[in-house]
Participant: 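Below is a structure I'd like to ask you about.
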There are 2 protein chains.
Amino acid sequence: MNALFKTLNDPTRRAILELLREQPRTAGEIAEHFQFSKPTISHHLDLLRQAELVTSDKQGQFVTYTLNMTVMDELLSWLLQFKPSNDTSANL
Amino acid sequence: MNALFKTLNDPTRRAILELLREQPRTAGEIAEHFQFSKPTISHHLDLLRQAELVTSDKQGQFVTYTLNMTVMDELLSWLLQFKPSNDTSANL
DNA sequence: TAGGTATTTAGACAAATATCTAATTATTTC
DNA sequence: GAAATAATTAGATATTTGTCTAAATACCTA
């Protein structure tokens with residue numbers, strides 16, 4: 001929970017997740033979308049991977065990053081505990 | 001969104017929210033649940049109030065804090081954008 | 001009004017974090 | 001094998017943040 005919030009607490013990392021929502025992309029493609037240096041983006045990708053919000057797959061020189069939403073269900077559960085009057089078994 | 005994540009990115013503040021989930025409490029009551037000094041808790045409460053995650057009401061010398069979940073719906077919406085296959089109109 | 005209680009404000013400080021440049025590793029291609 | 005490309009690692013630095021103690025403010029009560 002702590003690690004998840006910590007990882008999501010950065011606008012660049014959240015923007016990366018939103019990018020990957022569309023489709024998997026290589027580190028370079030992701031970096032192109034931002035003004036930060038490649039090492040900076042690489043670092044953000046590393047943190048996202050550590051938090052298991054993305055997975056990475058190396059093919060030759062390219063590393064493709066893919067969104068992994070399973071961990072976010074944790075966050076969803078945490079959120080829903082504050083909405084006790086609702087059906088928490090709703091199709092999420 | 002940024003402010004919301006920033007505010008939630010602290011285990012003490014999240015624990016305060018969980019405390020207030022049960023019932024409103026005064027600053028002193030909240031502080032009793034933690035090992036931190038009262039000024040530290042007061043500061044956390046201030047940040048929670050700024051993020052509109054809680055409201056405060058002063059009655060005499062006591063300041064009572066109450067959970068305000070309306071802002072969290074923003075977070076919920078953000079989360080659900082990553083779950084496109086689901087019914088986002090579910091009863092939340 | 002004096003003393004006590006509840007809470008916040010002010011100011012300092014250590015730890016965490018986001019960023020950068022330079023260097024390194026790994027891979028492809030000529 | 002040398003050069004080029006993709007990506008990461010290493011190390012430095014400025015900013016942000018969570019915490020503390022001390023002081024201030026506000027309120028209550030005798």
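Every chain is numbered from 1 and lettered A, B, ... according to where its sequence line falls, protein lines coming before strand lines.
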Participant: Pairs of donor and acceptor atoms involving the side chains of residues 34-49 of chain B, under 3.5 Å and at least two apart or interchain, shall be tabulated with distances.
Facilitator:
residue, atom, partner, partner atom, Å
B/Ser37, OG, B/Thr40, N, 3.3
B/Ser37, OG, B/Thr40, OG1, 3.1
B/His44, ND1, B/Arg13, NH1, 3.0
B/Asp46, OD1, B/Arg49, NH2, 2.7
B/Asp46, OD2, B/Gln50, NE2, 3.1

Participant: Do A/Leu80 and B/Leu20 sit in the same hydrophobic cluster, where Ile, Leu, Val, Met, Phe, Trp and Tyr count as joined when their side-chain heavy atoms come under 4.5 Å apart?
Facilitator: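 Both belong to a single hydrophobic cluster.
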Participant: Under 4.0 Å from any atom of DNA chain C, heavy atoms only: list the residues of residues 8-19 of chain B that qualify, in numerical order.
Facilitator: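 Residues of residues 8-19 of chain B under 4.0 Å from DNA chain C: none.
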Participant: Who are the side chain to side chain donor-acceptor pair (under 3.5 Å) partners of B/Glu18, not counting sequence neighbours?
Facilitator: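 Applying side chain to side chain donor-acceptor pair (under 3.5 Å) to B/Glu18 gives A/Trp78.
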Participant: Below 4.0 Å from chain A heavy atoms, what is the first contacting nucleotide of DNA chain D and what is the last?
Facilitator: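 So the contact region on DNA chain D extends D/dT5 to D/dT9.
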Participant: Nearest whole angstrom, please: distance from the C1' of C/dC20 to the NE2 of A/His43.
Facilitator: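 Answer to the nearest Å: 13 Å.
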Participant: With sequence neighbours excluded, tell me which residues meet salt bridge (Lys or Arg N to Asp or Glu O under 4.0 Å) with B/Arg14.
Facilitator: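 Checked B/Arg14 against salt bridge (Lys or Arg N to Asp or Glu O under 4.0 Å); zero matches.
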Participant: Taking the nucleotide of DNA chain C with the closest heavy atom to each, which residue, A/Gln59 or A/Thr40, is nearer the 5' end?
Facilitator: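 Whichever sits nearer the 5' end wins; that is A/Thr40.
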Participant: Does A/Glu52 have any side chain to side chain donor-acceptor pair (under 3.5 Å) partners at least two apart in sequence or in another chain, and if so, which?
Facilitator: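 Once residues adjacent in sequence are excluded, A/Glu52 has no partner under the side chain to side chain donor-acceptor pair (under 3.5 Å) criterion.
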Participant: Give the rounded distance in Å between these two atoms: CG of A/Leu45 and P of C/dT19.
Facilitator: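 In whole Å, C/dT19 P and A/Leu45 CG are 12 Å from each other.
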Participant: For the pair made of NZ in B/Lys58 and P in C/dT8, what is the distance, rounded to whole Å?
Facilitator: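 Whole-Å distance recorded here is 8 Å.
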Participant: Hydrophobic cluster membership, with links at side-chain heavy-atom distances under 4.5 Å among I/L/V/M/F/W/Y: are B/Leu75 and B/Phe82 in one?
Facilitator: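 Same hydrophobic cluster.
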Participant: Is the shortest side-chain heavy-atom distance between B/Leu76 and A/Leu76 below 4.5 Å?
Facilitator: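 Side chain of B/Leu76 against side chain of A/Leu76, heavy atoms only: contact under 4.5 Å found.
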Participant: Tell me, please, which residues at least two apart from A/Glu29 pass side-chain contact (heavy atoms from CB on, under 4.5 Å).
Facilitator: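 Testing A/Glu29 for side-chain contact (heavy atoms from CB on, under 4.5 Å), a comparison that skips the adjacent residues, returns A/Arg25, A/Thr26.
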Participant: Protein-nucleotides 3-7 of chain C N/O pairs closer than 3.5 Å?
Facilitator:
residue, atom, partner, partner atom, Å
C/dT5, O2, B/Gln61, NE2, 2.7
C/dT7, OP1, B/Ala27, N, 3.4
C/dT7, OP1, B/Val63, N, 3.3
C/dT7, OP2, B/Gly28, N, 2.6

Participant: Could I get the full list of side chain to side chain donor-acceptor pair (under 3.5 Å) partners for B/Asp10, not counting sequence neighbours?
Facilitator: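 Once residues adjacent in sequence are excluded, B/Asp10 has no partner under the side chain to side chain donor-acceptor pair (under 3.5 Å) criterion.
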Participant: Would you mind reading off the distance between A/Leu47 atom CG and C/dA16 atom P, rounded to a whole angstrom?
Facilitator: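 Atom-to-atom, A/Leu47 to C/dA16, this comes out as 14 Å.
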Participant: Taking atom P of C/dT19 as reference, at what distance in whole Å does atom CD1 of A/Ile41 sit?
Facilitator: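 Nearest whole value for this atom pair: 7 Å.
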Participant: Could you pull out all residues at least two apart from A/Glu74 that satisfy side-chain contact (heavy atoms from CB on, under 4.5 Å)?
Facilitator: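 Once residues adjacent in sequence are excluded, the partners of A/Glu74 under the side-chain contact (heavy atoms from CB on, under 4.5 Å) criterion are A/Met1, A/Leu4, A/Val71.
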Participant: Going by the rule side chain to side chain donor-acceptor pair (under 3.5 Å), which residues pair with B/Gln23 if we only count those two or more places apart in sequence or in a different chain?
Facilitator: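 Residues passing side chain to side chain donor-acceptor pair (under 3.5 Å) with B/Gln23: none at all.
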Participant: NA contact type, A/His44, heavy-atom cut-off 4.0 Å: base, sugar-phosphate, or nothing?
Facilitator: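 Sugar-phosphate: the residue A/His44, judged by heavy atoms under 4.0 Å, touches backbone atoms but no base.
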Participant: Would you say a side-chain N or O of A/Ser37 is under 4.0 Å from OP1 or OP2 of C/dT19?
Facilitator: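 Checking C/dT19 against A/Ser37, no side-chain N or O comes under 4.0 Å of OP1 or OP2.
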